[in-house]
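Below is one structure, written out as structure tokens; comments come after it.
Below, chains carry the letters A, B, ... as their sequence lines are ordered, and counting in each starts from 1.
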Number of protein chains: 2
Amino acid sequence: MRIGELSKLSNTPTRSLRYYEEQGLIVPRRLENGYREYDPYLIDRAIQIRGLIDSGVPTKIIALILPCLDKPRGIVPDDIQPELLAILRDEREKMTQRIDFLTRNRDSIATYIDAADAALARRTAGTAA
Amino acid sequence: MRIGELSKLSNTPTRSLRYYEEQGLIVPRRLENGYREYDPYLIDRAIQIRGLIDSGVPTKIIALILPCLDKPRGIVPDDIQPELLAILRDEREKMTQRIDFLTRNRDSIATYIDAADAALARRTAGTAA
DNA sequence: TTTGACCTTCACACTAGTGTCAACCATTTA
DNA sequence: TAAATGGTTGACACTAGTGTGAAGGTCAAA
């Protein structure tokens, strides 16, 4: 498919898709007329990249970890560099911290929303009575 | 405490603390000489803000939700605006999505790391034998 | 064949957050 | 008193990611 269709299907601006290409995250083939041609499996990939960026993971890190996430489970190249492994460990830690932070704050917001809903329900009931 | 101490204790650059102030997230009192004076409880707050920013939550949203998170559990002002409530619901949803994204990708990374460790251990054992 | 939709690259601008430096004021200590 | 340390504001720069528009090529349909 071409960039416009991928944009719709992945809900990602074409501008961003071109930027991802510039960063080496999604590099499509080119048709003879110069148009970008994307394979269907790249829809999920675009969504994944968007999600990671939105969650605070910079594209340079994404570029590093994407190849690892692509492999089938348990498949690791023989020439895995210890540097990359260190980066991966570091990123795993950062992501865990982000998850904890987001979870705590989301739960607090949820509690507040619930309390607000309850208060509103009480007030509405009181008004109706 | 003054800004330098808060910076150390919260592991946040003074530049960022001043920026948070500019965004209305942490507005300290001022001493007679113009110095910012922070209360100790703001250490956690600074850490919280840093964590949220790092997780992709913009300061404008943080400014909206912070007051809600400050309240003791279940305390909601009588004049809660439905707009704010809508924003909160939206943000709760976004944070949930971020958490899901991060969790999935982190788990994939973790699996990859484990596989790499196992492969490395095998190779080391083989070399040693 | 011309319109319209979609594609190309290039470039400028903008927001968010942070780094950094300049010029200056305050407080403490040698 | 002079130096060191740490505070102040203001400005400029930079990265990351995206918006947007110009100028032009491609292709299908009217």
Please report, rounded to the nearest Å, how far the C1' atom of C:dC6 is from the CD atom of A:E37. 14 Å
Quick one: is A:R50 getting a side-chain N or O under 4.0 Å of the D:dT18 phosphate, OP1 or OP2? no
B:S7 side chain to B:T12 backbone, donor-acceptor under 3.5 Å: yes
What distance separates A:I47 CD1 from B:F101 CZ, expressed to the nearest 0.5 Å? 7.0 Å
Under 4.0 angstrom between B:K60 side-chain N/O and C:dT15 OP1 or OP2: no
Pair A:N105-B:I65, side chain to side chain contact (heavy atoms under 4.5 Å, CB included): steps then yes or no: CA-CA 9 Å; A:N105 285 282; B:I65 65 182; 5.7 Å; no
Quick one: is A:S16 getting a side-chain N or O under 4.0 Å of the D:dG17 phosphate, OP1 or OP2? no
Under a 4.0 Å threshold between the charged nitrogen and the carboxylate oxygen, would A:R89 count as salt-bridged to B:D117? yes
Heavy-atom donor-acceptor pair, B:E37 side chain to B:M1 backbone, under 3.5 Å: yes
Take atom CD1 of A:I53 and atom C1' of D:dT15, then tell me their distance rounded to the nearest Å. 13 Å
Do B:D54 and A:K94 meet the salt-bridge criterion of a basic N to acidic O distance under 4.0 Å? no
CG of B:D54 versus C1' of C:dA16: gap in Å, rounded? 13 Å
Send over the distance from A:I62 CD1 to D:dA16 C1', rounded to a whole Å. 11 Å
Is A:R15 side chain donor-acceptor paired with the D:dG19 base, going by distance under 3.5 Å alone? yes
Mind checking if B:T14 touches a base, just sugar-phosphate, or nothing, with heavy atoms under 4.0 Å? nothing
It should be established whether A:R2 places a side-chain nitrogen or oxygen under 4.0 Å from OP1 or OP2 of nucleotide D:dC27. no
For C:dC7 and A:N33 - does any side-chain N or O of the residue sit under 4.0 Å from the phosphate oxygens OP1/OP2? no
Return no unless some side-chain N or O of A:R36 is found under 4.0 Å from OP1 or OP2 of C:dT8. yes
Dump the intermediate steps for side chain to side chain contact (heavy atoms under 4.5 Å, CB included) on B:M95 and B:R98, then the final yes or no. CA-CA 5 Å; B:M95 291 171 86; B:R98 286 196 186 104; 4.2 Å; yes
In whole angstrom, give the distance that lies between atom OH of A:Y35 and atom P of C:dA5. 14 Å
Classify B:L31 by what it touches in the nucleic acid, base, sugar-phosphate, or nothing, heavy-atom distance under 4.0 Å. nothing
If you assign A:I3 and B:V57 each to the DNA chain C nucleotide with the nearest heavy atom, which residue ends up on the more 5' nucleotide? A:I3
Would you jot down, in residue-number order, the residues of residues 17-29 of chain A having a non-hydrogen atom under 4.0 Å from DNA chain D? A:Y19, A:Y20
